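Presented below is the structure to which this report refers.
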Amino acid sequence: MSNLVDPFGREVSYLRVSVTDRCNFRCTYCMGENMTFLPKADLLTLEELDRLCSAFIRRGVDKIRLTGGEPLVRRNIMSLIKSLGNQIKTGALKELTLTTNGSQLAKHADELAMCGIKRINVSLDTLDAEKFRTITRWGKLEDVTDGLAAAKEAGLEVKINAVALKDFNENEVDDLIAWCGEEGFDLTYIETMPLGEIEEDRTHQYLPLSILSERIHSKWTLENTSYDTGGPANYFTIKETGKRIGFITPLTHNFCESCNRVRLTCTGRLYMCLGQNNWKDLLTPLRMSEGDDLLMTSIDEAIGDKPKGHDFIIDRTGSAPAVSRHMSVTGG
Ligand code: SAM
Ligand code: SF4
């Protein structure tokens with residue numbers, strides 16, 4: 001079966017799967033405090049998610065990232081991870097990864113490594129326990145640091161994702177870089193993206209990475225690297241620590257030319273672009289027949305609709321999001 005190539009000649013080889021919209025945290029930039037989540041009955045079963053992922057793998061997708069919401073709070077998630085892990089063993093899948101808030105890693109790190117996961121992304125915006133509680137509303141820093149220790153012990157490579165937040169963590173940048181160096185973690189700063197209604201004004205949270213990056217450049221030696229994921233991050237090696245630092249700047253730079261990814265939600269919607277609202281329903285063709293012919297046709301139609309680029313803007317006058325769904329729906 002042919003690989004997936006969009007109308008702009010970009011090969012789609014990377015699938016991000018949001019396995020749940022639920023989370024045990026309520027990060028202020030990501031969710032409101034009182035969220036209405038999807039009824040459990042609307043969710044694809046783990047077997048259906050597995051079938052969908054396998055269809056994409058047959059069409060040339062060789063990298064899958066599980067995300068959410070918090071992927072590790074979905075009941076029985078390890079069964080999906082095990083099954084996808086088997087596709088690494090056969091060579092059908094080159095990489096299976098996970099983006100997590102880290103709070104459940106102490107429980108799962110060993111098993112994740114056994115399933116063939118080599119690298120994970122863990123979101124951590126601050127090393128200050130009080131501030132951590134403030135930004136996640138419900139989280140405990142110690143759970144995450146314990147989880148990170150377990151991940152290291154299990155031999156998982158870790159990249160820390162930190163959202164750059166004005167007047168919140170901009171003064172902690174040097175500490176976080178030094179700490180990541182000591183722990184052996186790569187680090188990526190993410191600019192806030194206007195996804196979904198939250199309780200705060202996004203213009204208050206928005207810190208352009210150009211400012212942060214300038215500050216980092218003045219203190220650390222950043223060396224260019226050829227490392228490229230086809231995604232929106234720009235990577236450098238920090239000479240002093242030997243670890244990588246990346247900057248994800250969807251609002252200030254255009255990264256769409258090299259976009260190799262699509263995003264699947266836990267209800268079977270396929271989003272062709274993080275910054276656009278159009279999606280394709282894959283649940284109906286999946287459930288309509290036992291064979292995958294209908295599903296493959298729908299996947300082809302979806303890829304044929306992948307837009308050239310995104311439309312993000314942070315409105316200077318208010319907090320109206322450019323894209324109305326929350327990041328926890330598509331997982332970022
Ligand atoms: N719960 C997991 C976690 O926090 O890593 C996975 C899902 S979370 C939605 C994925 C990433 O999106 C996290 O690194 C989080 O910090 C980031 N994120 C969430 N909302 C965002 C927003 N509005 N702008 C930029 N990044 C955001
Ligand atoms: Fe949960 Fe991740 Fe969103 Fe935080 S960023 S609320 S941990 S899904």
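Just so you know, these numbers come straight off a predicted model, no measurement behind them. All ligand and atom numbering here is 1-based and tracks the order in the structure.
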Practice task
Could you go through the salt bridge (charged side-chain N to carboxylate O under 4.0 Å, His left out) check for R215 and D174 one step at a time?
Solution key: CA-CA 9 Å; R215 216 175 281 170; D174 295 328; over 6 Å; no
* Asked: Hey, is the main chain of V17 close enough, under 3.5 Å, to the side chain of R263 for a donor-acceptor pair?
  -> no
Checking the side chain of E182 only, and the main-chain atoms of W179 only, is there a donor and an acceptor separated by less than 3.5 Å?
no
Check: If you measure every N/O of D125 against every N/O of ligand 1, is any gap under 3.5 Å?
Finding: no
- N121, any N or O under 3.5 Å of ligand 1 N or O: no
Taking only Lys NZ, Arg NE, NH1 and NH2, and the carboxylate oxygens of Asp or Glu, determine whether [X] and [Y] approach each other closer than 4.0 Å.
X	Y	value
E301	K280	yes
R26	E33	no
R244	D186	yes

Atom indices of ligand 1, in the order listed, that fall short of 4.0 Å to a heavy atom of [X]:
X	answer
M193	22 (C), 23 (N), 24 (N), 25 (C)
T100	2 (C), 3 (C), 5 (O)
C30	19 (C), 20 (N)
S123	3 (C), 4 (O), 5 (O), 13 (C), 14 (O)
E70	1 (N), 2 (C)
G69	1 (N), 2 (C), 6 (C), 7 (C)
G68	7 (C), 9 (C)
V163	16 (O), 26 (N)

### Task
Answer yes or no as to whether an N/O/S atom of C27 is found below 2.8 Å from atom 3 (Fe) of ligand 2.
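So C27 does not count as coordinating atom 3 (Fe) of ligand 2.
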Notebook entry, point to check: Could you walk me through whether D50 and S83 pass the side chain to side chain donor-acceptor pair (under 3.5 Å) check?
Noted result: CA-CA 7 Å; D50 195 19; S83 175; 2.5 Å; yes
Next on the checklist: Restricting to N/O/S atoms, is C30 within less than 2.8 Å of atom 1 (Fe) of ligand 2 or not?
Outcome noted: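 Given the 2.8 Å cut-off, C30 does not count as a ligand of atom 1 (Fe) of ligand 2.
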Handout entry: Face-on cation placement of K243 at F185 ring, 6.0 Å and 45° thresholds
Key =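 Geometry flag: not set, cation outside 6.0 Å or 45°.
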Sub-4.0 Å heavy-atom contact, M31 with ligand 1: no
Practice item. Would you please determine whether S18 falls within less than 4.0 Å of ligand 1 on a heavy-atom basis? Key: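 No; S18 lies far enough from ligand 1 that no heavy-atom distance drops under 4.0 Å.
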inquiry  = Using a 4.0 Å cut-off to any heavy atom of G69, which atoms of ligand 2 qualify?
reply    =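 Selected atoms, number and element: 8 (S).
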Atoms of ligand 2 under 4.0 Å from any heavy atom of F25, numbered from 1 in the order shown, are 6 (S), 7 (S)
Only one of N24, T100, T20, T99 passes side chain to side chain donor-acceptor pair (under 3.5 Å) with E70, and that residue is T100
Of S103, C23, S18, the one whose closest heavy atom lies nearest atom 1 (Fe) of ligand 2 is C23
- request: Assess whether salt bridge (charged side-chain N to carboxylate O under 4.0 Å, His left out) is satisfied between E257 and R10, documenting all intermediate values.
  value: CA-CA 8 Å; E257 292 79 14; R10 297 169 298 189; over 6 Å; no
**Item:** Hydrophobic cluster identity match, Y271 and V19, side-chain contacts under 4.5 Å
**Value:** no
